[in-house]
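Taking it in order: structure first as structure tokens, then the write-up.
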Amino acid sequence: MDIYDDIELVKLSVDGDTEAFAHLVKRHYMTVYRASYKWCGIREGEEDIAQEVFIKLAQKLKTFRQKSSFKTWLYRITINTAKDFHRKHAIQHTYETAFALEQGRGNSTPLLDEHLDAVRLYKALNKLPEKQKSAILLVFAEGLNHREAAQVLNCSETTVSWRIFQARKRLKKSMEHEI
Amino acid sequence: MTMDNDKLKKLMDTIQVPEPDEKAREKTLKVAVEEFHRRQKAEEKKVKGFSRLRRLMDKTLRGGPIMRKHLVIAGTAIICIVLGVYFFVGNSTPTWAEVNQSFASYPYHAATVYLRRHAFSETLSFEFWVGQGNRIRVREGNRVTFAKKGTFVKTFDLDTRQESYPGTLTLEILKRRGFMEHYDPHPSTPKIDAMFSGRINENVTMVNGGSRISKDIVVFEAESDEGQWGRWKIRILAMRSSKLPIRISAFGEAGMRIDVVYSYFREPPESFFDPEAYEAKLKDPSNSAYSLLYMGIEEPGKKSIPHEGR
């Protein structure tokens, strides 16, 4: 199955090939997992989100029209699922605490400088409006370019650039306050 | 003013994503595949039971803000079903009688006949054209024969450009008992039967009901009664929609075989079946023997045949 690209696996899956679908899930699990983690900040959260994303994938696979890459499409599902999850379950300060603990896990010195940076960044990200947070995470954490991010967020590239500009302003301000 | 891009990227990299829990990963895979299966089954059910249409109708009847949209979708679906039924009925399997009737009612046709006298003999061929009024024109090699109402009228040799006698096959086939008579356009006469001197017995069966090719073509099988050349096993291929035969293959004893390939064309000019008009053209030296072979015929696209490479 590794010889097939995403589009071929999607076509096989749409034709009812379970093995192709399972391969698609395995291939993209880590991408979804990582993106979800950066959105919600705790492992239980991203595992729930990942599960929800792949259930949605099974349900919506036939609607994939190849207007963007499969990965971009999957990011869109992931971001929307993460947003929903956050809205439904988030008690922000609990998440932030959990995130802080998570970042320090496995280190003899619980919170090194870089962990503190991560915690501060996470707090600052959570203060951003959802749209700005999505744009920042897609471009700076997932490495998408503005065009790809625009496809995920269903807006223009200019809008993505504007959101990122605004987000960077807010992040700077928030993190300065934190210090 | 704003956070520096590099700094932001560096900060993002400080976020450590923990390794996923294997059990959770496996559970995700299991749940997603289950959902995939559930979806597949639901789709199959949907196709079988027109459940989508039913759901649309239910929603439409209940009303609501998207009622108009549902009405349009439901309407379109109903039209599709009606068209589908029409298409299905329109393409229902023709009977042998219908094929005969369709053939008999089509005023013009052409056929190429290939004949093999026994399993290892050379294949011979000739062509003929049939028009209204029981007029026939035959080409066998360099000879063109005109016949009308069951009688040979004239044959011309294109090499000598003189009147001649019909070719062996032309004589053999067209002079056979019943052939010419059966080209009488009497509606009750099955013309296809004419190829076998009216000896196709009544027991014609359709044989390809389930095969893929049966979508376009229907195949009948028959046997002729014992005759001059023994008994024939006959296969007739007809188009499902037009009900016109396109090929008849007859398998005789000792590997004898006849294949007739039919084509259907627009009404040819009167002169095409007129031996006097043809003779006049024959005498005109500006008409090459090559062009005289098919003179007067126009194939679809208004191209004269054969193409002489000019």
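Lettering of chains follows the sequences in order, A, B, ..., and the numbering in each one begins at 1. All values derive from a computational prediction rather than experimental measurement.
Surrounding NZ of A:K11 are at most 12 heavy atoms belonging to other residues, nucleotides or ligands under 6.0 Å away.
Taking 4.5 Å as the limit, every side-chain heavy atom of B:V33 sits out of range of all side-chain heavy atoms of A:V25. No side-chain heavy atom of B:L8 sits less than 4.5 Å from a side-chain heavy atom of A:K172.
Residue A:F21 comes nearest to B:A32 through the heavy atom pair CE2-O, 3.4 Å, listed as atom of the first residue, atom of the second, then distance. Contact between B:Q40 and A:S13 at its shortest, heavy atoms only, is NE2-O, 3.6 Å.
Once rounded to the nearest 0.5 Å, the distance linking CD of B:E35 with CD of A:E52 reads 9.5 Å. In this structure, A:L121 CG and B:M12 CE are separated by 5.0 Å, a value rounded to the nearest 0.5 Å. Atoms CG and CZ, from A:L57 and B:R39 in turn, are 11.5 Å apart once rounded to the nearest 0.5 Å. Atom CD in A:Q59 sits 6.5 Å away from atom CZ in B:R38 (nearest 0.5 Å). Atom CD1 of A:I55 sits about 14.0 Å away from atom CZ of B:F36, to the nearest 0.5 Å.
In terms of heavy-atom pairs under 4.5 angstrom with chain B, the leader among A:L171, A:L61, A:V53 is A:L171. Interface check for chain B: of the options A:K62, A:Q166, A:K56, A:K26, the most heavy-atom pairs under 4.5 Å are formed by A:K62.
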Determine whether A:F54 and B:V31 satisfy the following criterion, side chain to side chain contact (heavy atoms under 4.5 Å, CB included), listing intermediate values before the conclusion. CA-CA 8 Å; A:F54 288 112; B:V31 170; over 6 Å; no

